[in-house]
Amino acid sequence: MVTVIVGAQWGDEGKGKIVDALAEQTDIVARYQGGANAGHTLVCDGRTIVLHLIPSGILHEDVQCVIGNGVVLDPVALHQEIAMLEQLGITVRGRLFISHKAHVIMPYHKLLDRAREQQQGIGTTGRGIGPAYIDKYSRVGIRVVDLLDRHVLEEKLRTNLAEKNALLEKLYHTEQLDVEAIVAEYLEFDRSIDEFVTDTTMLLHNAIQEGKHIVAEGAQGALLDVDHGTYPFVTSSNPTSGGACTGLGIPPTAIRRIVGVAKAYSTRVGNGPFPTELHDDRGTQLRSLGAEYGSTTGRPRRCGWLDLVALRYSVIVNGITEIALTKMDVLSSFDTLPVCVGYRLGTKRLKTFPVDVPTLDAVEPEYIELKGWQCPLYDAPAFEDLPPQAQRFVALIEEYCNVPVTLISTGAERHQLVQRT
Ligand code: IMP
């Protein structure tokens with residue numbers, strides 16, 4: 001059976017910690033979209049580990065990890081990550097499986113991403129994600145399987161580079177790339193990843209048949225989804241739960257549980273609408289208490305209050321069956337906690353999350369002010385041990401979104417997690 005873990009906001013919800021917690025009862029953790037734009041930060045035994053591509057399950061020795069066909073694979077990031085994990089004494093070989101069908105990020109994708117960013121102002125991570133997905137859908141992308149044949153790779157690269165170099169030179173007036181150097185680099189890459197590449201669709205199919213437990217791990221968040229997010233201020237893939245089916249080749253009928261990971265407040269990196277954003281000291285306080293700086297780019301994250309209109313929308317588009325609430329401890333020092341429960345547009349009260357950016361930019365959030373708990377949370381072993389104000393905060397989310405909150409993270413360490421059954 002498959003459990004999907006999705007980011008329910010704008011990414012950076014702390015999915016890595018939740019995947020890590022569920023990995024204890026899991027056989028396989030499979031990543032289904034995005035690339036090295038993601039950054040999953042895990043703290044175990046006082047060590048902070050940041051993973052960009054390899055699923056968080058890799059920290060559990062008996063869990064297998066899959067990078068699915070929906071991911072765009074950056075060889076440079078992959079190598080760095082494997083080396084980092086091996087240095088920490090974590091076995092990667094024999095446990096990591098990469099789909100033949102995953103598309104490969106090329107140096108020109110990163111150059112084009114940065115060049116286009118100057119015109120578009122999305123605030124991308126510059127990791128080449130958008131251009132790699134453009135090539136995938138234009139049917140000119142280079143997949144992991146293409147690396148297996150030198151001639152196929154060379155031919156595809158030459159065709160691609162002719163177009164990309166023209167774009168880089170004529171349109172973006174930037175550096176051009178050398179075909180021979182790229183062919184040599186990617187053939188070398190092929191040799192080094194050969195042992196990891198396999199038919200992950202069949203691997204997952206067989207695991208489902210055998211009754212194994214698979215966690216499908218999403219990157220980014222639902223509001224950054226290319227179809228359902230705040231377009232065009234989105235990433236170029238489908239972080240929503242449907243992406244798990246196409247990005248791994250698993251049927252919707254295999255999915256039993258969809259865990260939406262939501263932070264107890266909101267953050268966003270990059271540009272785009274953010275109704276509950278704070279531009280005052282409280283925003284700065286959230287950023288510093290929550291260490292809200294991008295784990296991939298180091299950029300300061302924009303911070304604001306919890307937005308239940310956005311979260312309820314996310315519950316709907318993902319089919320979330322339960323919420324994992326993270327970073328609740330970050331709110332511990334606030335005396336009042338505004339929670340957004342509605343949007344007002346002029347004299348109108350909007351019932352649903354707007355479909356366009358100008359409307360989202362124009363809405364005024366309506367808040368309920370809850371009392372803060374103003375004491376540390378990290379020693380609470382059970383939900384009932386949380387301060388009553390914290391329990392009320394959780395209850396409001398459940399009432400508004402109509403799904404249970406089953407996991408509550410009260411600190412960065414693995415054991416700082418309240419589990420409700
Ligand atoms: P891209 O995915 O690099 O193309 O960036 C598109 C948008 O998604 C930008 O606003 C990024 O800041 C945002 N983004 C991409 N990856 C992440 C992530 O892992 N967490 C949060 N935001 C992200």
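Source: prediction; values computed, not measured. Just so you know, ligand 1 is whichever comes first in the structure, and atom 1 is the first atom listed for that ligand.
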Legend entry - Min N/O separation Asp12 to ligand 1 under 3.5 Å: yes
Inset, instruction - Decide if atom CG of Asp199 counts as having more than 12 heavy atoms of other residues, nucleotides or ligands within a radius under 6.0 Å. - result: yes
Inset, instruction - Output yes when the distance from some N or O of ligand 1 to some N or O of Val269 is under 3.5 Å, and no in every other case. - result: yes
Inset, instruction - In plain terms, say whether Lys15 and Glu217 are close enough for a salt bridge, that is, a side-chain N and a carboxylate O under 4.0 Å apart. - result: no
Legend entry - Lys17 and Ser409 side chains, donor-acceptor separation under 3.5 Å: yes
Legend entry - Under 4.0 Å to a heavy atom of Ile122 - the qualifying atoms of ligand 1, by number: 10 (O)
Inset, instruction - Could you verify whether a donor N or O on one side chain and an acceptor N or O on the other, from Trp373 and Ser332, lie under 3.5 Å apart? - result: yes
Legend entry - Min N/O separation Ser236 to ligand 1 under 3.5 Å: no
Legend entry - Ring-face cation contact, Phe274 with Arg302, 6.0 Å cut, 45° max: no
Legend entry - Per-atom contacts of ligand 1 with Leu224, taking only distances under 4.0 Å to non-hydrogen atoms: 8 (O), 13 (C), 14 (N), 22 (N), 23 (C)
Inset, instruction - Could you say whether the N/O atoms of Gln220 and ligand 1 ever approach to under 3.5 Å? - result: yes
Inset, instruction - Flag the pair Glu180 and Arg158 as a salt bridge only when some basic side-chain nitrogen lies within less than 4.0 angstrom of an acidic carboxylate oxygen. - result: yes
Legend entry - Donor-acceptor under 3.5 Å (Arg392 side chain, Ala395 main chain): no
Inset, instruction - Could you tell me which atoms of ligand 1, counted from 1 in the order shown, lie closer than 4.0 angstrom to a heavy atom of Thr124? - result: 1 (P), 3 (O), 4 (O), 5 (O), 9 (C)
Inset, instruction - Decide whether an N or O pair under 3.5 Å exists between Asn271 and ligand 1. - result: no
Legend entry - Nearest-contact summary for atom 3 (O) of ligand 1 - protein heavy atom, Å: Thr125 OG1, 2.5 Å
Inset, instruction - Could you verify whether a donor N or O on one side chain and an acceptor N or O on the other, from Asp135 and His109, lie under 3.5 Å apart? - result: yes
Legend entry - Under 4.0 Å to a heavy atom of Gly270 - the qualifying atoms of ligand 1, by number: 10 (O), 12 (O)
Inset, instruction - Taking the six-membered ring of Phe334 (Phe, Tyr or Trp), confirm whether the NZ or CZ of Arg282 is under 6.0 Å from its centre and within 45° of its axis. - result: no
Legend entry - Interatomic spacing from CG in Asn69 to CD in Gln33 - rounded to 0.5 Å: 11.5 Å
Legend entry - Shortest protein contact, atom 2 (O) of ligand 1 (heavy atom only): Thr235 OG1, 2.6 Å
Legend entry - Atoms of ligand 1 close to Gly123 [distance to a heavy atom under 4.0 angstrom, numbered from 1]: 9 (C), 10 (O), 11 (C), 12 (O)
Legend entry - Selected option - heavy-atom contact closest to atom 12 (O) of ligand 1, from Arg301, Arg268, Arg299: Arg299
Inset, instruction - Measure the distance from atom 6 (C) of ligand 1 to every protein heavy atom, then report the residue, atom name and distance (to 0.1 Å) of the closest one. - result: Val234 O, 3.3 Å
Inset, instruction - For Trp10, take its heavy atoms, then give the atoms of ligand 1 lying under 4.0 Å from any of them. - result: 21 (C), 22 (N)
